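First the structure, in the form of structure tokens, and then the observations on it.
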Amino acid sequence: MKVEQLYTGCLAEAAYYIESNGEVAIIDPLRETAPYIKKAEAAGAKIKYVFETHFHADFVSGHVDLAKRTGATIVYGPTASPSFDAYIAKDDEEFQLGNITIKALHTPGHTPESTCYLCLDENGEQYCVFTGDTLFIGDVGRPDLAQKSANKTEQEMAGDLYDSLRSKIMPLGDHVLVYPAHGAGSACGKNMSKETFDTLANQKKSNYALSNISKEAFVKELTTGILPPPQYFSKNAQMNKEGIDSIDAVFERGLHALDAEQFEQAANETGALILDVRSAEDFAKGFIPNSIFIGLDGQFAPWVGALITDLHQPILLVTPGGREEETVKRLARVGYDYTIGFLKGGFTTWLASGKEIDKVDEVDAQKFGGLAKESELNIIDVRKLGEYEAEHVEGVENKPLDFVNDWMGDINKNTRYYLHCAGGYRSMITASILKARGFDEVVNIKGGYSAIKNESGLKTTDFSCPSKRN
């Protein structure tokens with residue numbers, strides 16, 4: 001038996017490859033199917049099952065494509081009703097995979113159809129459990145994403161999750177390995193560990209959800225302080241339920257190399273959003289006017305999903321050399337299938353054309369500190385509320401990037417604003433959005449809060465350890 005976790009850091013998502021005696025199961029696959037198929041082919045094995053733990057909200061799954069290409073059976077848990085061919089497992093139903101067995105454990109709570117898959121080894125002994133969003137390392141899945149489809153309140157869903165954990169997960173052997181669908185950084189939970197797997201015994205000791213906690217206390221803990229889900233979550237869940245274009249069709253639509261004239265013409269004719277995915281440093285030095293920056297080398301897909309509200313929005317790309325296909329793929333992972341081309345040769349091509357460019361003013365932390373001591377500046381901290389509450393520059397206002405479209409109307413286009421986040425990635429995204437909306441007087445503070453704290457000489461609040469559940 002072989003069990004391999006395939007972790008994607010940008011999405012904080014884990015898919016799984018399980019192989020036994022020439023047969024393979026894939027659990028919660030990403031949109032692109034080639035890596036799974038190549039892995040099975042290299043082993044001389046056949047993909048027999050694609051197990052889905054639930055209708056994912058934070059990424060678009062590759063289940064339909066993978067089944068079409070391999071003849072594998074898609075399996076969902078009880079109560080699931082997808083719009084494509086799939087096998088709906090009964091609770092406790094077993095599936096043979098080579099010499100091992102995979103058993104479906106219906107665990108409603110995160111969503112009504114949420115199902116964990118228990119892996120029994122060649123001797124029928126419990127080996128590991130794939131918990132999806134039912135149980136994370138250090139946390140559990142949020143109960144508010146599918147309450148409408150369940151016709152329940154989030155408190156009722158949380159109560160279902162409490163019961164599921166105690167009836168299906170906690171009775172398993174302490175030695176059983178817990179393999180969740182997500183790790184730290186995912187918006188599917190509130191306090192996930194950086195670790196991506198653990199033993200059930202350790203989780204019983206460290207995870208509040210598996211502690212000797214009352215149902216009432218569990219429900220209160222789980223439903224307190226939940227931030228609104230990113231806007232793309234419900235859209236991705238619907239795509240996963242209804243089926244989608246193949247990834248090949250997305251690549252065919254998106255991988256059109258355009259020269260500067262063609263790129264400009266396409267932007268004007270289609271109203272496409274120009275998405276610049278280079279580094280923050282390169283973007284600041286020069287970019288195509290009205291471009292939005294979301295760098296590939298950061299939490300790219302989640303920020304795209306949080307900030308670009310229309311999944312059908314045509315997108316034109318400015319990428320680092322050779323990363324065009326990667327960008328189209330990573331957009332498709334969260335449902336943005338309408339890339340229509342990229343600037344051949346990257347931003348260098350645009351510069352060579354002599355066309356207009358724009359820039360973002362920047363200041364280092366030391367100079368910023370000097371300016372702030374000389375006169376009163378308008379400073380915006382775009383980090384998340386929990387980060388801000390933990391520590392911040394005294395007197396600075398918090399306006400999280402997550403809600404930029406909400407607070408943008410509260411600031412003045414003719415006022416100069418200094419922006420910072422933790423390290424510079426999110427503040428550059430914010431600066432690009434504001435610039436595109438006509439806020440020309442924005443300045444990015446290089447190095448973010450960490451540089452400000454260490455180099456500016458400005459007074460910061462005392463560190464306050466954020467609430468464990470914040």
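Residue indices begin at 1 and follow the sequence shown. Remember, predicted model here, so these are calculated numbers, not experimental data. Just the heavy atoms: all of them, side chains too, but no hydrogens, waters or symmetry mates, feed the values below.
Side chain of Asn236 to main chain of Val334: a donor-acceptor pair is present (N/O by atom type, distance under 3.5 Å, no hydrogens or angles). Remark: side-chain polar atoms of Lys435 are paired, donor with acceptor, to backbone N or O of Lys359 under 3.5 angstrom. Between the side chain of Tyr117 and the main chain of Glu52, a donor-acceptor pair closer than 3.5 Å is present. Remark: side-chain polar atoms of Arg69 are not paired, donor with acceptor, to backbone N or O of Thr33 under 3.5 angstrom. Within the 3.5 Å criterion, the main-chain N or O of Gly295 finds no donor-acceptor partner in the side chain of Trp303. A side-chain donor-acceptor contact under 3.5 Å links Lys235 to the backbone of Thr309. The main-chain N or O of Cys421 is never found under 3.5 Å from a side-chain atom of Arg426 such that the two would form a donor-acceptor pair. With hydrogens and angles disregarded, a donor-acceptor distance shorter than 3.5 Å links the side chain of Tyr417 to the backbone of Asn412. No donor-acceptor distance shorter than 3.5 angstrom exists from the side chain of Gln155 to the backbone of Pro143, with no hydrogens or angles considered. Side-chain atoms of Glu387 do not come within 3.5 Å of backbone N or O of Ala422 as any donor-acceptor pair.
Side-chain contact annotation: Asn240 with Ser61, donor-acceptor N/O pair under 3.5 Å absent. Thr430 and Ser427 are not linked by any side-chain donor-acceptor pair at a separation below 3.5 angstrom, with hydrogens and angles left out of the test.
In summary, the aromatic rings of Phe55 and Tyr76 are positioned with their centroids under 6.0 Å apart. The ring of Phe51 has its center no closer than 6.0 angstrom to the ring center of Phe130.
Tyr388 is linked by a ring-ring contact (aromatic ring centres under 6.0 Å, His included) to His392, counting only residues two or more places apart in sequence or in another chain.
Smallest separation of non-hydrogen atoms from Cys188 and Met192: C-CE, 4.1 Å. Taking every heavy atom of both residues into account, Ala12 and Gly185 meet most closely at CB-C, 4.2 Å.
No side-chain heavy atom of Ile274 sits less than 4.5 Å from a side-chain heavy atom of Asn290. The closest side-chain heavy-atom distance from Leu222 to Tyr162 is not below 4.5 Å. Counting heavy atoms from C-beta on, the side chains of Lys344 and Glu324 never come closer than 4.5 Å. Within the 4.5 Å cutoff, the side chain of Gln203 has no heavy atoms near those of the Ile169 side chain. Between Ile445 and Leu419 there is no side-chain heavy-atom pair separated by less than 4.5 Å. Taking 4.5 Å as the limit, some side-chain heavy atom of Gln262 sits within range of a side-chain heavy atom of Asp259.
The structure places CZ of Arg31 at 4.0 Å from CG of Asp337, a figure rounded to the nearest 0.5 Å. In this structure, the separation between CD1 on Ile452 and CD1 on Ile379 is 7.5 Å, given to the nearest 0.5 Å. The line from CG of Leu316 to CG of Leu343 is 9.0 Å long, rounded to the nearest 0.5 Å.
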Notebook entry, point to check: Does the pair Glu326 and Arg323 meet the rule for a salt bridge (Lys or Arg N to Asp or Glu O under 4.0 Å), with working shown?
Noted result: CA-CA 5 Å; Glu326 175 191 353; Arg323 301 185 73 179; 2.9 Å; yes

Next item on the list: Report the C-alpha separation of Glu261 and Lys355 in whole Å, then their side-chain angles, then the decisive distance to 0.1 Å, and conclude whether the salt bridge (Lys or Arg N to Asp or Glu O under 4.0 Å) test is met.
Entry: CA-CA 9 Å; Glu261 288 295 333; Lys355 294 182 182 296; 3.0 Å; yes

Note to self: Evaluate Glu391 against Lys453 for salt bridge (Lys or Arg N to Asp or Glu O under 4.0 Å), listing each step before the verdict.
What the structure shows: CA-CA 10 Å; Glu391 56 179 333; Lys453 182 178 180 180; 2.9 Å; yes

Note to self: Please determine whether salt bridge (Lys or Arg N to Asp or Glu O under 4.0 Å) holds for the pair Lys205 and Asp198, giving the CA-CA distance in whole Å, both sets of side-chain angles, and the decisive distance to 0.1 Å.
What the structure shows: CA-CA 11 Å; Lys205 295 175 185 175; Asp198 197 4; over 6 Å; no

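With a 6.0 Å cutoff to the six-membered ring centre and a 45° limit on the axis angle, Arg253 counts as a cation-pi contact of Tyr338.
Heavy-atom contacts from other residues, nucleotides or ligands closer than 6.0 Å to CD of Gln366 number 12 or fewer.
Aromatic ring pairs are classed by plane angle as parallel below 30°, tilted from 30° to 60° and perpendicular above 60°; the pair His182 and Phe59 is perpendicular. Note: Trp350 and Phe263 have perpendicular aromatic rings, judged against thresholds of 30 and 60 degrees for the angle between ring planes. Using cut-offs of 30° and 60° for the angle between ring planes, the Phe293 and Tyr425 rings count as perpendicular.
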